[in-house]
Amino acid sequence: MSGWIAVAGLGPGDERLVTDEVRAALAEATDVVGYIPYVARVAPRDGLTLHPSDNRVELDRAGHALDMAGEGKRVVIVSSGDPGVFAMASALFEALEERPDAQAYDIRILPGITAMLAAASRLGAPLGHDFCAINLSDNLKPWELVEHRLRLAAQAGFAMAFYNPRSKSRPHQFARALEILREEAGPETLISFARAVTTPEEALNTVTLGEATPEMADMRTVVIVGNRDTRRVGRFVYTPRSAR
């Protein structure tokens with residue numbers, strides 16, 4: 001088997017934030033697979049076949065990539081942000097577990113800049129102390145577990161970054177998340193909404209939990225909640241490195 005698979009992070013949106021390592025893998029690839037809008041970010045060229053697919057077929061996509069690598073092709077699976085953060089690296093390894101020849105594949109995970117970290121840099125340093133990242137979608141886990149993790153993270157004093165906060169199919173859940181956060185972290189805690197970071201549509205908004213409304217977030221928004229020490233300085237938001 002002479003083919004390989006690279007799982008590559010394309011970063012949060014600005015092409016300048018794609019790493020040279022990822023660019024080199026794409027230049028060598030014979031095939032690129034991924035969610036439709038991510039594959040659309042890859043420029044077509046002679047000798048490259050693009051395989052866009054829907055958002056909820058991650059395991060099928062990973063299996064297809066493994067099949068092509070087994071045929072000797074050089075395959076790049078593209079994700080936005082970093083492929084190891086709520087993205088395709090985990091799905092590839094899940095599919096790999098079903099293969100009897102798992103050791104035979106040449107697999108490389110190529111990191112990228114996550115939307116969470118890009119958003120934090122635009123805001124200042126809201127993740128400057130202990131923090132956690134939570135995917136608020138209940139597509140792959142029960143909503144009860146999401147609520148449980150939110151409550152415990154807020155009680156523990158973590159700053160938090162939320163992916164997939166609100167969609168048309170589940171508009172009520174983010175309202176419930178805000179209720180839990182107000183209960184556990186207090187209404188004066190700062191919450192920031194960073195939409196479409198590093199793109200021309202970028203928009204930043206920081207308010208208190210008491211002022212936050214569900215409509216401030218959508219699927220293109222990363223939400224960052226501070227802890228009780230998080231504060232403003234000028235136009236920036238930061239969490240001190242020391243905890244009281």
Side-chain angles (χ1 to χ4, degrees), residues 7-23 26 34-43 55 77-89 109-137 139 150 153 158-168 170-171 173-174 177-178 181 189-209 211-227 230-239:
V7 193
L10 297 178
D14 189 332
E15 293 306 311
R16 294 174 299 177
L17 298 182
V18 179
T19 69
D20 289 342
E21 182 181 38
V22 168
R23 294 184 192 279
L26 289 171
Y35 180 37
I36 296 165
Y38 306 152
V39 174
R41 291 179 57 184
V42 178
N55 194 31
I77 304 174
V78 289
S79 293
S80 66
D82 180 276
V85 180
F86 305 125
M88 279 301 300
I109 309 301
L110 310 183
I113 297 173
T114 72
M116 168 183 68
L117 298 182
S121 71
R122 287 290 202 265
L123 294 164
L127 304 179
H129 195 46
D130 297 338
F131 71 92
C132 64
I134 302 175
N135 188 338
L136 295 188
S137 171
N139 287 337
L150 281 174
F158 287 106
M160 289 169 271
F162 300 144
Y163 283 74
N164 301 317
R166 185 171 179 267
S167 70
K168 292 180 180 179
R170 46 183 179 82
Q173 291 174 342
F174 187 55
L178 290 175
L181 293 168
T189 297
L190 295 177
I191 180 171
S192 297
F193 299 85
R195 186 178 189 279
V197 170
T198 79
T199 76
E201 293 80 38
E202 176 179 300
L204 306 175
N205 183 27
T206 298
V207 297
T208 66
L209 280 172
E211 297 167 328
T213 65
E215 294 74 24
M216 292 178 177
D218 62 14
M219 286 293 284
R220 296 190 69 193
T221 306
V222 173
V223 179
I224 297 181
V225 180
N227 62 23
T230 303
R231 50 189 181 263
R232 299 176 191 259
V233 55
R235 65 182 179 88
F236 297 107
V237 178
Y238 87 104
T239 301

**Minimum heavy-atom distance Ala115-Val222, with the two atoms named** = CB-CG2, 3.6 Å
**Request:** Kindly compute the distance separating CD1 (Ile113) from CZ (Arg16), expressed to the nearest 0.5 Å.
**Result:** 11.0 Å
**Asked** Is the backbone N or O of Ile77 less than 3.5 Å from a side-chain atom of Tyr38, with the two atoms forming a donor-acceptor pair by type?
**Response** no
**Request:** Measure the shortest side-chain to side-chain distance between Phe86 and Asn164 over non-hydrogen atoms and say whether it is less than 4.5 angstrom.
**Result:** no
**Complete:** Closest heavy-atom pair, His129 versus Thr239, reported as atoms and distance to 0.1 Å, is CB-CG2, 3.8 Å
**Asked** Of the non-hydrogen atoms in Phe174 and Pro165, which two are nearest, and what is the gap between them?
**Response** CB-O, 3.4 Å
**Message:** Just so I know, are the side chains of Leu150 and Phe162 near enough to count as touching, which here means a heavy-atom distance under 4.5 Å?
**Reply:** yes
**Message:** Can a donor-acceptor pair be found, under 3.5 Å and without considering hydrogens, that links the side chain of Arg122 to the backbone of Leu204?
**Reply:** no
**Message:** Testing the basics here: between Ile109 and Pro83, what is the closest heavy-atom pair and its distance to 0.1 Å?
**Reply:** CG2-CG, 4.0 Å
**Prompt:** Between atom CG of Leu26 and atom CD of Glu21, what is the distance when rounded to the nearest 0.5 Å?
**Reply:** 11.0 Å
**Request:** List the atom of Phe158, the atom of Cys132, and the distance in Å for their closest heavy-atom pair.
**Result:** CB-SG, 4.2 Å
**Message:** Nearest 0.5 Å, please: how far is CG in Leu181 from OG1 in Thr189?
**Reply:** 8.5 Å
**Prompt:** What is the minimum heavy-atom distance between Arg232 and Thr206, and which atoms define it?
**Reply:** NH2-O, 3.0 Å
**Message:** Does any part of the side chain of Met160, heavy atoms only, come nearer than 4.5 Å to the side chain of Phe131, both counted from C-beta?
**Reply:** no
**Item:** Student check: side-chain heavy atoms of Ile191 and Ile224 closer than 4.5 Å
**Value:** no
**Prompt:** Donor-acceptor pair, Thr221 side chain versus Val223 backbone, under 3.5 Å?
**Reply:** no
**Request:** With rounding to the nearest 0.5 Å, note down the distance linking CD1 in Ile134 to OH in Tyr163.
**Result:** 12.5 Å
**Side-chain heavy atoms of Arg166 within contact of Glu215, under 4.5 Å** = yes
**Message:** If I take atom CG from residue Leu127 and atom CG from residue Asn227, how far apart are they, to the nearest 0.5 angstrom?
**Reply:** 10.0 Å
**Atom pair CG (Leu17) and CG (Leu10), whose distance is rounded to the nearest 0.5 Å** = 11.0 Å
**Prompt:** Ion pair present between Asp218 and Arg220, side-chain N to carboxylate O less than 4.0 angstrom?
**Reply:** no
